[in-house]
Amino acid sequence: DQQVKQNSPSLSVQEGRISILNCDYTNSMFDYFLWYKKYPAEGPTFLISISSIKDKNEDGRFTVFLNKSAKHLSLHIVPSQPGDSAVYFCAASAHSGYALNFGKGTSLLVTP
Amino acid sequence: GAVVSQHPSRVICKSGTSVKIECRSLDFQATTMFWYRQFPKQSLMLMATSNEGSKATYEQGVEKDKFLINHASLTLSTLTVTSAHPEDSSFYICSAREQGGYGYTFGSGTRLTVV
């Protein structure tokens, strides 16, 4: 049973524009959310996280928004760069330090 | 930052043999290690959680006698795939949580191919 869902398997964005990656979750016990970037045959690289007490967290070009009532979070990348092209995974845990539940990922392609 | 070293990065083995995958936390003590498996175009699926010095907790559907996990020290955890079969071919990734920390650090993954 997939508790974290990324319904868009792929996204293509022009360089300089905003990339918006979406994620939905079903478990109301989740209180810690993370985004990871992953290249083929490599481990995920941490990008940004947010706890349920916040609704926004920003780090440079990356901003994560959390809407608890909708059980939805999104990752905004602005401006998008070709080097951002990768698969992005949304992950959640019920408590910080517990195992992460991952979505299936969204493949982002940023074109020049 | 925290680094987890995972070896080997890729391995090809014959059906019926065993393969050991190692994950080492290089600059921190990992009280908890998580082992994931990823099939092509799928999400990372948790296989088991191990805490240093105690038995691993396996997720439903994961055979504990087939996937042996040892977490004997705060810096090393191993996953041994015993009597490997072609259906075990997958990408295996470990993730470590630092003692008292909040982050999760991933290894670089191991591509296992069983022929």
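Below, chain A is the first sequence line, B the second, and so on; all start at residue 1. Heavy atoms only: backbone and side chains are in, while hydrogens, waters and symmetry mates are out.
A/Phe30 and A/Phe102 end up in different hydrophobic clusters when Ile, Leu, Val, Met, Phe, Trp and Tyr side chains are linked at under 4.5 Å. Both A/Tyr32 and B/Phe34 are assigned to one and the same hydrophobic cluster, defined by single-linkage of ILVMFWY side chains at heavy-atom distances under 4.5 Å. No continuous path of hydrophobic side-chain contacts links B/Leu112 to B/Leu44 [ILVMFWY only; heavy atoms under 4.5 Å].
With a threshold of 4.5 angstrom between heavy atoms, A/Gln6 does not approach chain B through any atom at all. Residue contact with chain A, scored on non-hydrogen atoms closer than 4.5 Å, involves the side chain of B/Gln38 exclusively. For chain B, the nearby part of A/Tyr36 is the side chain; its heavy atoms alone come within less than 4.5 Å. For a residue to count as touching a neighbouring chain, one of its non-hydrogen atoms must lie under 4.5 Å from one of that chain's; by this rule B/Leu46 touches chain A with the side chain only.
With hydrogens and angles ignored, the 3.5 Å screen pairs no side-chain donor or acceptor of B/Tyr104 with any backbone N or O of A/Ala99.
Within a 6.0 Å radius of NZ in B/Lys20, other residues, nucleotides and ligands contribute 12 heavy atoms or fewer. Heavy-atom neighbours of A/Lys68 NZ from other residues, nucleotides or ligands within 6.0 Å: above the threshold of 12. When the shell of 6.0 Å around CZ of A/Arg61 is examined, it contains more than 12 heavy atoms from other residues, nucleotides or ligands. The environment of B/Leu26 atom CG is dense: over 12 non-hydrogen atoms of other residues, nucleotides or ligands sit within 6.0 angstrom.
A heavy-atom distance below 4.5 Å is found between the side chains of B/Tyr36 and A/Leu100. B/Gln42 places a side-chain heavy atom less than 4.5 Å from the side chain of A/Lys104.
With respect to chain B, the highest number of heavy-atom pairs below 4.5 Å among A/Gly105, A/Ser107, A/Gly103 belongs to A/Gly103.
For the atom pair CZ (B/Phe91) and CD (A/Glu42), the distance works out to 8.0 Å, reported to the nearest 0.5 Å.
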request  = Assess whether side chain to side chain contact (heavy atoms under 4.5 Å, CB included) is satisfied between A/Lys38 and B/Ile93, documenting all intermediate values.
outcome  = CA-CA 12 Å; A/Lys38 186 180 181 300; B/Ile93 310 173; 4.1 Å; yes

